[in-house]
Structure formats: C-alpha cells, structure tokens
Amino acid sequence: MSLVFYWHPMSSATPIACALAELGVAHDRVRIDIRNGEQRTPEYLAINPNGKVPCLVVDGTPIFEGLAIHLWLGDRFGVARGLWPAADTPERLQALSWCAWAYVTYMAVIGRLRAASMEGPQQDAGHAAIAADDARQLLDVLEARLSAQAWMVGESYSLVDLVVAQVVGYGTYVGAVVDGHPAVSAWLAKVVARPAMQGEV
Ligand SMILES: N[C@@H](CCC(=O)N[C@@H](CS)C(=O)NCC(=O)O)C(=O)O
C-alpha cells in the first residue's frame with residue numbers, strides 16, 4: 001500500500017504525524033509550506049480542494065480532514081496493533097463517539113474561544129468567557145470518564161487517547177486550561193509523554 005502524507009509541522013497535521021508514528025506505519029512525506037501558500041497551488045488543490053493540511057493519499061486516493069484520517073488509520077492499522085478497538089465491539093462504538101466529541105464538539109468550542117480571545121476586531125471578552133465556560137463543561141464530562149477509567153476506551157492506551165489528548169492539549173494553548181480537572185491533567189501528561197508525541201511534528 002502506498003501512503004503519502006501531506007503535512008506541515010505544528011499544525012492540524014501534527015496529530016496525524018503522531019498517529020503514524022504510534023502505529024509505525026511506513027509512508028512518504030511531502031511538506032506543504034502553508035506559510036508560503038503552497039497549499040493553494042493547483043497541484044495541491046487537486047489533492048485537497050480545501051487547501052489545507054493534513055491530507056493522506058492512499059494508493060492514489062486522497063483522504064482529507066484529520067478526524068477521517070484518524071478513523072481510517074485506526075481501522076486499517078490500529079486493530080492489528082492493539083491500538084484501536086475491533087469492529088463490532090462496544091469499545092469501537094465508544095472510540096467513534098469520543099473521537100467525534102474531540103474533533104467536532106470540543107474543537108468547535110476551542111475555535112470560538114480562540115477567535116474571541118485573539119487580538120483583532122473579533123476580540124470579545126464576553127464571548128471568550130462564554131466559550132471558556134462551555135469548554136469547562138465539556139472538560140467536566142471528560143473528567144468523569146477519566147475518573148472512572150485510566151484510558152479513553154478499554155483497559156489500555158489507544159489511538160482514542162492520542163486523538164482526544166491532541167485536541168484537549170491544543171485547547172490549553174488557547175486558554176482552555178485543564179488545571180481544575182485532575183484526572184484529565186494526569187491522563188494528558190501520560191499521553192503527551194509517549195515517544196510518538198515527541199519531536200517536531
Ligand atoms: N478541519 C481540518 C482543519 C485543517 C486546517 O485548518 N489546517 C490548517 C493548518 S492548522 C491549514 O492547512 N491552513 C492553511 C490555510 O488555511 O491556508 C482538519 O482537521 O483536517
């Protein structure tokens with residue numbers, strides 16, 4: 001199988017780089033310099049019409065959106081490596097829910113918080129406070145889960161931990177701190193300490 005990963009360091013491609021490292025999946029890499037507009041060349045737009053990284057080309061067919069790539073990697077490589085629940089298990093259902101929770105629900109709140117906090121015409125302390133409170137409520141839900149079990153699904157670390165931790169970790173940089181959530185803080189520290197999360201990815 002041929003895999004070509006289009007990426008840029010310290011971007012939305014980072015969680016995919018970490019997942020590929022965690023899974024030990026061989027692939028080629030093409031660095032797209034999103035600061036210099038390489039994501040908007042006709043060649044790249046033919047691969048990802050959104051002009052964004054990450055994108056993974058699988059035997060010539062592109063798959064874009066980080067969440068979709070994670071789910072595909074989990075199915076295709078994670079199950080065999082014990083890092084993704086098998087199909088038709090309760091854990092698989094939970095894996096899908098929590099990955100969507102992170103990328104769709106939590107990310108939307110983080111996006112609002114970031115926009116309202118950033119300097120510029122959209123900066124709005126009131127909106128930022130509401131978004132921070134929404135993030136806190138979502139972290140309460142995560143706190144309850146991680147107070148009851150050590151890992152997001154099943155009894156050991158999985159790609160679900162990587163996926164959720166990447167999004168929650170990103171949130172801390174835009175002001176959604178986890179200090180008031182001890183189980184989340186302890187779990188996040190364990191996940192980010194994994195070798196696959198190191199390096200300039
Ligand atoms: N929802 C997308 C977000 C992708 C995204 O926003 N990528 C940014 C880098 S963090 C990008 O490529 N930006 C270039 C641009 O917007 O021109 C995903 O998860 O794949």
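Because the structure is a prediction, the values reported are computed rather than measured. Whatever order the structure lists them in is the order used to number ligands and atoms, beginning at 1. Position 1 is the first residue of the sequence; numbering continues from there.
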Would you mind reporting whether Gln39 and Val53 have side-chain heavy atoms less than 4.5 Å apart? no
Any non-hydrogen side-chain atom of Cys55 less than 4.5 Å from a side-chain atom of Ile63?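 With C-beta onward as the side chain, the pair stays apart.
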Between Tyr6 and Glu38, a side-chain donor and acceptor under 3.5 Å: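 No donor-acceptor contact under 3.5 Å links the two side chains.
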Side-chain donor-acceptor contact under 3.5 Å, Gln94 with Arg145: yes
Would you call Asp75 and Arg92 a salt bridge, using N to O less than 4.0 angstrom? yes
Quick one: side chain to side chain contact (heavy atoms under 4.5 Å, CB included) partners of Val141, sequence neighbours excluded? Trp98
Pairs under 3.5 Å, nitrogen or oxygen of ligand 1 with protein nitrogen or oxygen:
{"residue": "ligand 1", "atom": "1 (N)", "partner": "Glu65", "partner atom": "OE1", "Å": "2.8"}
{"residue": "ligand 1", "atom": "7 (N)", "partner": "Val53", "partner atom": "O", "Å": "2.8"}
{"residue": "ligand 1", "atom": "12 (O)", "partner": "Val53", "partner atom": "N", "Å": "2.9"}
{"residue": "ligand 1", "atom": "16 (O)", "partner": "Lys52", "partner atom": "NZ", "Å": "2.6"}
{"residue": "ligand 1", "atom": "17 (O)", "partner": "Gln39", "partner atom": "NE2", "Å": "2.8"}
{"residue": "ligand 1", "atom": "17 (O)", "partner": "Arg40", "partner atom": "NH1", "Å": "3.4"}
{"residue": "ligand 1", "atom": "19 (O)", "partner": "Gly66", "partner atom": "N", "Å": "3.3"}
{"residue": "ligand 1", "atom": "20 (O)", "partner": "Gly66", "partner atom": "N", "Å": "2.9"}

